[in-house]
**Q** 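Just dropping this structure here.
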Amino acid sequence: MKSTMTTMVLSLTIIASAMGAALGLVHDATAAPIAQAQEKAKQEALASVLPGLGDVTMTGPEEVTVKGDSRPVMVYRAMDGNKLKGTAVESWTMDGYSGEIRIMVGFDAKGKIIGYEVLQSAETPGLGAKAGEWFRSEIGNRSIIGTKGELAVSKDMPADTEVDNDANTGASTQASASAIPIDGITAATITSRAFLQAVNRARKATKKK
């Protein structure tokens, strides 16, 4: 009986080791292609959010930490010699409905938003996932393109008497009176707030040298 148990333990140990080695090989085989795909997506996003700048040289990424954060954003600058033509910021928020959202936001030399792309999001399909297009739509006050300043979901502006509390922190979501109101995604207010939070973080990073 003891010999049988010993054999079983050895067999299980060998099987576990083999499975661990196999998983390690799979990870090694897929890690490089995943990293390459992510880098390609990032380069495509850079080109998308900084359109029409002509012959420029991209510098970066530079890690910039916005006041109050412990995690940096990545800043890229489009230069024509010594002249700044535009800035792209890879920003983030952890306050999405389903967690982290990462975006790339492009600004012209005067600080106006000229483009954005969603790099990572697990928001609800058909709702929060609409952020990829919603905030460039010309319907109502949805678009952030061309804005210059702090952004906030329209329903959070001080004039609205029914102000929600943040679902994650419980804090009031009432925005600054000077913020630019943006119409949030229908039935996806949490995602909308998180997205604009990431955009505002990106804007603050462009002001840090």
Side-chain angles (χ1 to χ4, degrees), residues 34 37-38 41-42 44-51 66-75 87-107 111-206:
I34 290 174
Q38 290 175 338
K42 186 179 296 184
E44 290 175 346
L46 278 169
S48 174
V49 303
L50 292 175
V66 173
K67 184 178 180 180
D69 290 341
S70 57
R71 172 181 169 182
V73 298
M74 300 297 176
V75 178
T87 307
V89 182
E90 183 182 344
S91 187
W92 57 272
T93 176
M94 297 304 295
D95 292 334
Y97 185 79
S98 299
E100 183 178 19
I101 299 172
R102 288 194 301 110
I103 62 174
M104 185 81 77
V105 189
F107 302 85
K112 290 184 179 180
I113 294 176
I114 54 178
Y116 78 86
E117 292 291 339
V118 175
L119 299 177
Q120 175 183 317
S121 172
E123 301 301 276
T124 308
L127 294 174
K130 292 181 179 179
E133 293 301 327
W134 183 279
F135 295 105
R136 66 176 104 249
S137 170
E138 295 182 0
I139 298 174
N141 293 318
R142 295 181 184 180
S143 181
I144 66 172
I145 307 302
T147 59
K148 183 181 179 182
E150 180 186 359
L151 306 177
V153 176
S154 298
K155 67 178 295 183
D156 294 338
M157 296 301 290
D160 194 323
T161 57
E162 297 182 3
V163 178
D164 293 337
N165 289 336
D166 185 270
N168 297 320
T169 66
S172 171
T173 57
Q174 182 163 292
S176 166
S178 62
I180 300 168
I182 301 294
D183 293 343
I185 302 168
T186 305
T189 302
I190 293 175
T191 299
S192 301
R193 287 179 182 139
F195 179 89
L196 296 182
Q197 178 191 88
V199 174
N200 288 335
R201 175 174 282 117
R203 184 183 299 284
K204 290 176 183 177
T206 65

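Numbers here are sequence positions counted from 1.
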**Q** Does the side chain of Ser143 pick up a donor-acceptor pair with the side chain of Glu138 at under 3.5 Å?
**A** no
**Q** Has Ser137 got a side-chain atom pairing as donor or acceptor with Trp134's backbone, closer than 3.5 angstrom?
**A** no
**Q** Can you list the residues that meet the ring-ring contact (aromatic ring centres under 6.0 Å, His included) rule with Tyr116, with sequence neighbours excluded?
**A** Phe195
**Q** Any salt bridge between Arg71 and Glu100, counting N to O under 4.0 Å?
**A** yes
**Q** Could you tell me whether the side chain of Val89 reaches within less than 4.5 Å of the side chain of Met104, counting heavy atoms only?
**A** no
**Q** Identify the residue among Leu50, Ile114, Val49, Thr206 that makes a side-chain contact (heavy atoms from CB on, under 4.5 Å) with Phe107.
**A** Thr206
**Q** Please check if the side chain of Glu90 supplies one atom and the backbone of Val73 the other of a donor-acceptor pair under 3.5 Å.
**A** no
**Q** Is it true that Glu133 and Lys130 have a side-chain N and a carboxylate O under 4.0 angstrom from each other?
**A** no
**Q** Could you pull out all donor-acceptor pairs under 3.5 Å where a side-chain atom in residues 181-188 meets a protein atom, sequence neighbours excluded?
**A**
residue	atom	partner	partner atom	Å
Asp183	OD1	Ser154	OG	2.9
Asp183	OD2	Asn141	N	2.9

**Q** Salt bridge between Asp95 and Arg193, side-chain N to carboxylate O under 4.0 Å?
**A** no
**Q** Side chain to side chain donor-acceptor pair (under 3.5 Å) with Ser48: which residues, sequence neighbours excluded?
**A** Glu117
**Q** Report yes or no: is the cationic atom of Arg102 (NZ for Lys, CZ for Arg) closer than 6.0 Å to the six-membered ring centre of Trp92, at no more than 45° off its axis?
**A** no
**Q** Is a donor on one side and an acceptor on the other found under 3.5 Å between the side chain of Glu123 and the backbone of Tyr97?
**A** yes
**Q** May I ask you to test the Thr147-Arg203 pair for a side-chain heavy-atom distance under 4.5 Å?
**A** yes
